[in-house]
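Taking it in order: structure first as structure tokens, then the write-up.
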Amino acid sequence: MAPRPRFIAADTPLPLGRAMVAIFARDVRAGLRQRQDLLNPVVFFVMVVALFPLGVSPESGFLRQAGPGILWVAALLSTLLSLDHLFRHDHDQGVLDQMLLQPQPLYLLVLAKVSAHWMLTGLPLVLISPLLGLMLQLEGNSLWALCLTLLLGTPVLSFIGAIGAALTLGLRSAGVLLSLLVIPLYIPVLIFGTGTVMSLSEGLPVSGHFALLGAMLVLAVLLAPLAVAGALRISVSNG
């Protein structure tokens, strides 16, 4: 069982900065203790990428062309796999009820929580992607572009997915509904993530692609926590 955050003492609330750090550190420690939940997305990511050449074609030209799409789809599905546990453990332990009662803005507390989720689930995918990209015969320029797009895009996946996780919180068998909610919202990130690498491999300018991915990230950081906070209030009050 994950420890309850220390800032939840209602009589002596922590300052906002310390409260955000407390939530971030608590979620990171809890994630490191729950190694199965931490390793599942990474193992799934590696398995999907490794099995795809065996099931379709091991030809190097095909892998070089399809590699960015393979890696991005695998990263999307791996992130989706980890979303169900984003708020569920805290909801079961009553921690979310106490978060809603805190004097600090829920927006910033959610921001800290989703950032911890990305560091535990999205960042490992970014770090391991160069090795898998080499396995798919990606060249140097395409490889660094892939890593940069994943670095910009996987936080967007986490923030968008957090909205779906908050909306489906407390529902039984929420995995399918969560997928139906967030996958359509993932499509623009997937298109620009793969399109950046493909454009670079064809010698086309990619600064616009990176600018759009950066804009998506900024919008996700600014707007998604607001939607998550509202969805959490609704889910907790209905539960």
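Note that these values count all heavy atoms, side chains included, but never hydrogens, waters or copies made by symmetry. Quick note: residue numbers are just sequence positions, from 1. Only a predicted model underlies this, so the values are computations on that prediction, with no experimental measurement involved.
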Less than 4.5 Å apart, any side-chain heavy atom of Arg88 and any of Asp84?
yes

Is it the case that the side chain of Trp118 and the backbone of Ser115 share a donor-acceptor pair, with hydrogens and angles ignored and the cut-off at 3.5 Å?
no

Cluster link Leu226 to Val182, ILVMFWY, side chain under 4.5 Å:
yes

Quick one, Leu136 and Leu132 - any side-chain contact, counting heavy atoms below 4.5 Å?
no

With side chains defined as the heavy atoms from C-beta onward, is the minimum distance between Leu106 and Leu100 less than 4.5 Å?
yes

Measuring from Leu177:CG to Leu167:CG, what's the distance to the nearest 0.5 Å?
8.5 Å

Non-hydrogen atoms of Ala112 and Met20 that approach each other most closely:
CB-O, 3.5 Å

Looking at CG of Leu120 and CD of Gln34, how far apart are the two atoms once the value is rounded to the nearest 0.5 Å?
10.0 Å

Is a side-chain donor or acceptor of Thr149 paired with a backbone partner of Leu146 at a separation under 3.5 angstrom?
yes

Is there any salt bridge (Lys or Arg N to Asp or Glu O under 4.0 Å) pair reaching into residues 99-119, and which pairs are they, with sequence neighbours excluded?
Asp27-Lys113, Asp90-Lys113

When the ring planes of Phe52 and Phe62 are compared, do they come out parallel, tilted or perpendicular, using 30° and 60° as the limits?
parallel

To the nearest 0.5 Å, what is the distance between CZ on Phe45 and CG on Leu81?
13.0 Å

Working note: Thr79 + Leu125, criterion side chain to side chain contact (heavy atoms under 4.5 Å, CB included); need CA distance, chi angles, decisive distance, verdict.
CA-CA 9 Å; Thr79 302; Leu125 304 184; 4.2 Å; yes

In the single-linkage hydrophobic clustering (I, L, V, M, F, W, Y; side-chain heavy atoms under 4.5 Å), do Val114 and Val218 co-cluster?
yes

Nonpolar side-chain network containing Leu51, other nodes, edges under 4.5 Å:
Leu54

Side-chain heavy atoms of Leu232 within contact of Val228, under 4.5 Å
yes

Remaining members of Ile187's ILVMFWY cluster at a side-chain heavy-atom cut-off under 4.5 Å?
Ile191

hydrophobic_cluster_shared for Leu204 and Trp72, side chain cutoff 4.5 Å
no

Grab the two heavy atoms, one from Gly214 and one from Leu152, that are nearest each other, plus how far apart they are.
N-CD1, 4.4 Å

Between the main-chain N or O of Leu157 and the side-chain N or O of Tyr186, is there a donor-acceptor pair closer than 3.5 Å?
yes

What distance separates Thr168 OG1 from Leu180 CG, expressed to the nearest 0.5 Å?
11.0 Å

Is there a side-chain contact between Met99 and Ile23, using heavy atoms and a 4.5 Å cut-off?
yes

Test item: Ser142 side-chain N/O and Glu139 main-chain N/O as donor-acceptor pair under 3.5 Å:
no

Any heavy-atom pair between the side chains of Leu138 and Leu71 that's under 4.5 Å?
yes

Do other residues, nucleotides or ligands put more than 12 heavy atoms under 6.0 Å from Gln137 CD?
yes

So, for Pro68 and Gln65, which heavy atoms are closest and what is the spacing to 0.1 Å?
CD-O, 3.8 Å

Hey, what do you get for CD1 (Ile160) to CG (Leu80), rounding to the nearest 0.5 Å?
11.5 Å

CG-CG distance between Leu83 and Leu181, expressed to the nearest 0.5 angstrom
11.0 Å

Hydrophobic cluster membership, Val46 vs Val56, 4.5 Å side-chain cutoff
yes

Determine yes or no for a side-chain-to-main-chain donor-acceptor pair under 3.5 angstrom, with Ser78 supplying the side chain and Phe44 the backbone.
no

Shortest non-hydrogen contact from Cys147 to Val126?
O-CG1, 3.9 Å

Smallest separation among heavy atoms of Leu213 and Phe192, with atom names
CD2-CB, 4.0 Å

Examine Leu39 and Leu127 and state if one hydrophobic cluster contains both, with Ile, Leu, Val, Met, Phe, Trp and Tyr joined whenever side-chain heavy atoms are less than 4.5 Å apart.
no

Minimum-distance pair of heavy atoms, taken over all atoms of Val197 and Ala145
CG2-C, 4.1 Å

